[in-house]
Amino acid sequence: MANNEELFKKIIAHAKEYGFVFPSSEIYDGMSAVYDYGQYGSELKNNIKQYWWKAMVQYNENIVGIDSAIFMHPTVWKASGHVDAFNDPLIDNKDSKKRYRADVLIEDHVAKIEDKIEKEVSKAKSRFGETFDENMYRKTNTRVVEYQQKIDGIKTRFVTAMDANDLVDVKALIEDLEIVCPVSGSRNWTEVRQFNLMFSTQMGSVSEDTNQIYLRPETAQGIFVNFLNVMKSGRMKIPFGIAQIGKAFRNEIVARQFIFRMREFEQMEMQFFIRPGEEMKWFEYWKNERMRWHLSLGMPAEKYRFHDHDKLAHYANAAADIEFDFAFGFKEMEGIHSRTDFDLGSHQKFSGKKLQYFDPELNENYVPYVLETSIGLDRTFLAMLSHAYTEETLEDGTIRTVLKFPPVLAPVKATVLPLIKKDGLPEKAREIMDMLKFDYMCQYDEKDAIGRRYRRQDAIGTPYCITVDHQTLEDNTVTIRERDSMKQDRIGIAEISRIIGERLKTHYIPTPQPE
RNA sequence: GCGGAAGUAGCUCAGUUGGUAGAGCAUAACCUUGCCAAGGUUAGGGUCGUCGGUUCGAGUCCGAUUUUCCGCUCCA
């Protein structure tokens, strides 16, 4: 475990030193858990996106891609449930260090008073027998009325305070009610703080006209609100999917572990619209298919595992994660969720628009069910980087640090190197560089000894090095060095592009979808 | 969010009881060598995380703050 921590630190240091990931705004001391992707990091990230996009959109005739806006109508987040679920006033007890939802503490307190009322009522009931008028008793008994007034007072005060965003008064209310921590039994509370997990901002430049809007906490809703548009304009027939890659924002209380948990992150999502009742068939299909995609990147199978959810979110009736063995243990990388008709049904209700599909085979209209695959791009990036990072001890005892990316994902595909910086070799190498750079991300390097240049390329994971030597000038051949084996082949200049292209071919081919 | 540790050049670090900063590697230029990193010469690069305090004087002592790491907590 300690070794893994050391390794993880080395990976983070390597990522910064070689231009993959930088702390954001570093010259101003950085921002907690915000990172920028550097010159090689952004290449790697783009390559992962492209590999996913091709696998989902290009290779599946019934899946199309969109790119929806980060800003969405505020009601979207009411329909999705995020406004309710992501807005909690929280308070901590300083002695037990336990955190509570302030509204829950107050509700519990109210419930206790209600219990007292019920006790009084049932006591009176048994005393007066059949002649007992419960409603009358509730309205007239002084003790019950007192309790009821107290409850009404608390509720009014709480609702007023919450509406006015007056968290100080919520705290005061908790103090006035002498609520104690169930664990420590003390009344030593912190201030009440609003943990709104959605970032908000204002739209509209004149202050009276502004609307509070949110940065999307997930990309999925952008797909659901475009369900009709895509279905109609694309003449889509169920089953079909809509894919999207984009940023999402969550104001996590604790964001840590490098780029694993960030407040601004990127998702690659696909929502697959299906006939109600067929969700388990598709759940199994996409579970297997997504795992096949991961394995096609050449990572060992034991690095991955499924984790089936026992506790399901409000929108799901089946859910599984694909977890990856990061340096800090198995963690979620992708989720496959059967979301039923929760999302489209909810948007149908809130928008008043019919979000339905006419199924000619069944001759009926229905709200389609949704099967979601949602993968964290930053987490996939981290998985690739962690797994690629290798320190090799060579025969002569020196240590080689090499990033063994799958070639299709490598930031730089090939580097052209003149063996020495004279005798016309740089000119020849430049010619080859100019020939290759329109097809592949390439570099040219003539500084320092050749061995050292190879190592520099190893450190950023370049799979192929093309070396121009004196023989090149005679017969138009070069050597091509393979990163992992360090072996070299001599090939003709005219063949370089084709040979690299061969080796960059994708290994993922989708399994035919079920009937 | 709570507790602990740390922050000196791009990287790894040194800096003695407070006296206004050093090394190696890296980077750039030139020379030399030429197939698996560290030959030579020269140069650039730091208001010692930030702000404030004590002091004639602070990288060094004190306080606050920020960032990172570790543990706890939290987590659709």
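Every chain is numbered from 1 and lettered A, B, ... according to where its sequence line falls, protein lines coming before strand lines.
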Is the NZ or CZ atom of A/K78 positioned over A/F350's six-membered ring, under 6.0 angstrom from the centre and within 45° of the axis?
no

With a cut-off of under 6.0 Å to the ring centre and 45° to the axis, is A/R379 in cation-pi contact with A/F260?
yes

For [X] and [N], what is the distance between atoms [atom1] and [atom2] respectively, to the nearest whole Å?
X: A/E17; N: B/U12; atom1: CD; atom2: C1'; result: 9 Å
X: A/H14; N: B/U12; atom1: NE2; atom2: P; result: 13 Å
X: A/R455; N: B/A26; atom1: CZ; atom2: C1'; result: 16 Å
X: A/K10; N: B/C69; atom1: NZ; atom2: P; result: 18 Å
X: A/R481; N: B/A37; atom1: CZ; atom2: C1'; result: 11 Å
X: A/N251; N: B/G1; atom1: CG; atom2: C1'; result: 13 Å
X: A/F260; N: B/C70; atom1: CZ; atom2: P; result: 14 Å
X: A/R456; N: B/C25; atom1: CZ; atom2: C1'; result: 13 Å

Sugar-phosphate atoms are those with a prime plus P, OP1 and OP2; base atoms are the rest. Using that split, label each nucleotide of nucleotides 28-35 of chain B B, S or - for protein heavy atoms under 4.0 Å, 5' to 3'.
S----SBB

Side chain of A/M486 (C-beta onward), nearest among B/C69, B/U27, B/C36
B/C36

According to salt bridge (Lys or Arg N to Asp or Glu O under 4.0 Å), who are the partners of A/D169, at least two apart in sequence or on a separate chain?
A/R157

Classify the nucleic acid contact of A/A33 as base, sugar-phosphate or nothing, counting any heavy atom under 4.0 Å across all strands shown.
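Sugar-phosphate contact only - A/A33 comes under 4.0 Å of backbone atoms but never of a base.
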
Select base, sugar-phosphate, or nothing to describe what A/I12 touches, counting heavy atoms under 4.0 Å on all strands.
nothing

Separation between the [atom1] atoms of [N] and [M], rounded to whole Å:
N: B/U67; M: B/U8; atom1: C1'; answer: 16 Å
N: B/U20; M: B/C56; atom1: C1'; answer: 13 Å
N: B/G53; M: B/G10; atom1: P; answer: 28 Å

Please verify the inter-ring angle class for A/H307 with A/H309; under 30° counts as parallel, over 60° as perpendicular, anything in between as tilted.
tilted

Does A/R452 place a side-chain N or O at less than 4.0 Å from the phosphate oxygens OP1/OP2 of B/A26?
yes

Test of ring centre spacing under 6.0 Å for [X] and [Y]:
X: A/F326; Y: A/F324; result: yes
X: A/Y440; Y: A/Y464; result: no
X: A/Y18; Y: A/Y40; result: no

Pairing partner (Watson-Crick or G-U wobble, both distances under 3.5 angstrom) of [N]:
N: B/C2; answer: B/G71
N: B/U55; answer: none
N: B/G18; answer: none
N: B/G10; answer: B/C25
N: B/C35; answer: none
N: B/A64; answer: B/U50

For a quick check, tell me whether the side chain of A/R400 and the base of B/C36 share a donor-acceptor pair closer than 3.5 Å.
no

Side-chain donor or acceptor of A/R250 under 3.5 Å from a matching atom on the base of B/C75?
no

Do the side chain of A/D475 and the main chain of A/T477 share a donor and acceptor less than 3.5 angstrom apart?
yes

